[in-house]
Participant: 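Sharing a structure with you now.
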Amino acid sequence: MDATAFKRWLKTTMGLDAEAVGPGVVERAIAGRMRALGVAEADAYWRRLQAQPLEQQELIEAVVVPETWFFRGVEAFDALARAFAPRLAEPGAAPLRLLSLPCSTGEEPYTLAMALLDAGWPPQRLRIDAYDISERALAKAGHAVYGANSFRGGDLRYRDRHFRALGHGRWQLSDAVRGCVRLHRANVLAIDFLPEAASFDAVFCRNLLIYFDQDTQVRAVGVLARALAADGLLFVGAAETGLLLSLGYASAQIPMAAAFRNQRSAPAPAPAPAPPQPWRAPALAPLPAAAARPRPFAAVATALAARPAPASPPAPAQAADDSLAQARRLADNGDFAQAERLCQAHLRAHGPNAEALCLLGVIYGADGADARAEDAFRKALYLQPDHAESLMHLALLLDAKGDAAGARLMRQRAARHRDRNP
């Protein structure tokens, strides 16, 4: 018996696209569980899996490998605090409701609490709900004791404010932060996940959708749409921005935060899966008419760092950054022709580089030049084979062309890069 039935079960149970997590991951998880149980035949293990809910959870745990740390992608947390600062000043305003999904071992929802507490929010005005499918991860989140792997980056001042050293490199999170977060075990694809009345001011769902196939992605985003308040913010991973634009979301125009707003006035039911359509960067759906289209480039501005203009005359490297930032702004305003000219001038002046070529590919795609977009992405990958944005945009383009095998290869390469550089 091969792993096909197990992969199909994982997709039905938790929406997992086995190819997206990398080659061999499911097979290794199955082999590990068989060794742990002393089962020699895959058929026998399959029968046990079908009969024992506890073993089902064990296999899910073996496949889902959480990788997270505090203040991962700090720009998103800064953006959240700024976005809701006006409400903080409103006496009697409703508590701020936040959703973290998947919450893994708790670093993300606890970071939400720390960021807002540091911004002046009193604990009683914060309600943070955190969900994950993994009982093991939730148990660690509830214990709230963390080691060095959870603290990365150069600025760890928050650790002194919110943690107590236990010795041997272990740190206990404060009760004040823990009290802001409620932990729940749930599957985002379950029919009863979240009540219909749920209305969160902000939803953090980062780097989950990339592990789903297209139909499951649409289902999951539909669930998030029901959870999000009409004027709420949805934060996703940088590689997931194209999907959000294709489903009617508009960028919140916050550099590097990958934040979106749903273009609706009231919660809507989950959208039905749509057939593949011609690729328009960075979304799968074709762009609306120019007068009404929702600025397709805005998502890329959140994924590629926009740098502030220097106060003094820029050095050559700074000038290069500024010219790309200007090209991003032009593309964001729909001036694709001028944005392309600026990108080409940048390449002539500074030589080929992956970031500029990826940007050029997005501009071509937004203007409908699919073949030129593909060529630009492939050139970017020739220069930098692990350039994540180029890999994911090229995967979307190949999917729309019907090249499922090519798209899968691009996603596998992106997954291997994430594994090597968490």
Side-chain angles (χ1 to χ4, degrees), residues 67-88 96 98-104 107-121 126 128 150-159 161-162 200-210 224 228 232-245 249-261 282 295 297-310 318 321-322 324-329 331-332 355 358-359 362 387-389 392-393 414 417-418 421-422:
E67 179 61 31
T68 184
W69 58 90
F70 293 108
F71 287 92
R72 182 183 188 183
V74 65
E75 295 84 0
F77 303 106
D78 290 343
L80 177 75
R82 290 195 304 272
F84 291 100
R87 188 191 293 191
L88 177 60
L96 193 62
L98 308 175
L99 171 64
S100 171
L101 171 77
C103 69
S104 186
E107 285 88 339
E108 180 177 86
Y110 290 142
T111 298
L112 291 172
M114 286 187 283
L116 291 167
L117 290 172
D118 288 346
W121 284 82
L126 297 177
I128 303 172
S150 296
F151 301 99
R152 308 187 195 179
D155 186 358
L156 299 181
R157 287 175 294 179
Y158 66 87
R159 190 171 65 183
R161 291 193 297 271
H162 299 292
F200 291 93
D201 297 294
V203 172
F204 275 65
C205 183
R206 302 191 298 173
N207 303 314
L208 171 69
L209 302 174
I210 53 176
L224 300 178
L228 192 66
L233 284 171
L234 173 59
F235 293 83
V236 297
E240 298 161 333
T241 56
L243 172 69
L244 268 294
L245 285 169
Y249 284 74
S251 170
Q253 306 288 321
I254 306 172
M256 297 183 68
F260 288 83
R261 295 189 185 278
R295 296 187 179 183
F297 182 77
V300 178
T302 67
L304 302 174
R307 301 168 176 83
Q318 292 174 311
D321 291 342
D322 288 348
L324 285 184
Q326 185 179 354
R328 293 186 190 98
R329 288 192 292 270
D332 191 29
E355 185 171 341
C358 179
L359 175 54
V362 172
H387 194 259
E389 287 79 19
M392 296 309 297
H393 285 307
H417 172 63
R418 287 193 302 273
N421 302 276

Participant: Rounded to the nearest 0.5 Å, how far apart are OG1 of Thr241 and CE of Met392?
Facilitator: 9.0 Å
Participant: Considering only heavy atoms from C-beta outward, does the side chain of Glu389 approach that of Val362 to under 4.5 Å?
Facilitator: no
Participant: Which pair of heavy atoms, one from Leu112 and one from Ser100, lies closest together, and at what distance?
Facilitator: CD1-CB, 4.3 Å
Participant: Kindly compute the distance separating CG (Leu234) from CZ (Phe200), expressed to the nearest 0.5 Å.
Facilitator: 12.5 Å
Participant: Determine whether Phe77 and Phe204 make a side-chain contact, defined as any pair of heavy atoms from C-beta on separated by less than 4.5 Å.
Facilitator: yes
Participant: Enter the distance from Arg328:CZ to Glu355:CD here, rounded to the nearest 0.5 Å.
Facilitator: 5.0 Å
Participant: Determine the minimum heavy-atom distance between Ala257 and Ala79, stating which atoms define it.
Facilitator: CB-CB, 4.0 Å
Participant: Tell me the closest heavy-atom pair linking Arg72 and Arg206, and the distance in Å.
Facilitator: O-NH2, 2.9 Å
Participant: Does any part of the side chain of Leu126, heavy atoms only, come nearer than 4.5 Å to the side chain of Leu117, both counted from C-beta?
Facilitator: yes
Participant: By side chain to side chain donor-acceptor pair (under 3.5 Å), which residues pair with Arg159, not counting sequence neighbours?
Facilitator: none
Participant: Which atoms form the tightest heavy-atom contact between Glu108 and Thr68, and what is the distance?
Facilitator: N-OG1, 4.4 Å
Participant: Show your reasoning for whether side chain to side chain contact (heavy atoms under 4.5 Å, CB included) applies to Glu75 and Ile254.
Facilitator: CA-CA 9 Å; Glu75 295 84 0; Ile254 306 172; over 6 Å; no
Participant: Using side-chain heavy atoms (C-beta onward) and a distance below 4.5 Å, is Phe235 in contact with Leu80?
Facilitator: yes
Participant: With sequence neighbours excluded, tell me which residues meet side chain to side chain donor-acceptor pair (under 3.5 Å) with Arg82.
Facilitator: none
Participant: Give the minimum heavy-atom separation between Leu228 and Leu233, together with the two atoms involved.
Facilitator: CD1-O, 3.4 Å
Participant: Applying side chain to side chain contact (heavy atoms under 4.5 Å, CB included) to Leu88 and Leu96, what does each step give before you reach the verdict?
Facilitator: CA-CA 9 Å; Leu88 177 60; Leu96 193 62; over 6 Å; no
Participant: Kindly say whether Phe70 contributes a backbone atom to a donor-acceptor pair with the side chain of Thr111 at under 3.5 angstrom?
Facilitator: no
Participant: Is any side-chain heavy atom of Tyr249 closer than 4.5 Å to a side-chain heavy atom of Val236?
Facilitator: no
Participant: Check whether the ring centres of Tyr158 and Tyr110 lie less than 6.0 Å apart, and answer yes or no.
Facilitator: no
Participant: Return the minimal non-hydrogen interatomic distance between Glu240 and Leu209, and the atom names on each side.
Facilitator: OE2-N, 2.8 Å
Participant: Would a 4.5 Å heavy-atom cut-off, applied to side chains only, mark Phe260 and Leu245 as touching?
Facilitator: yes
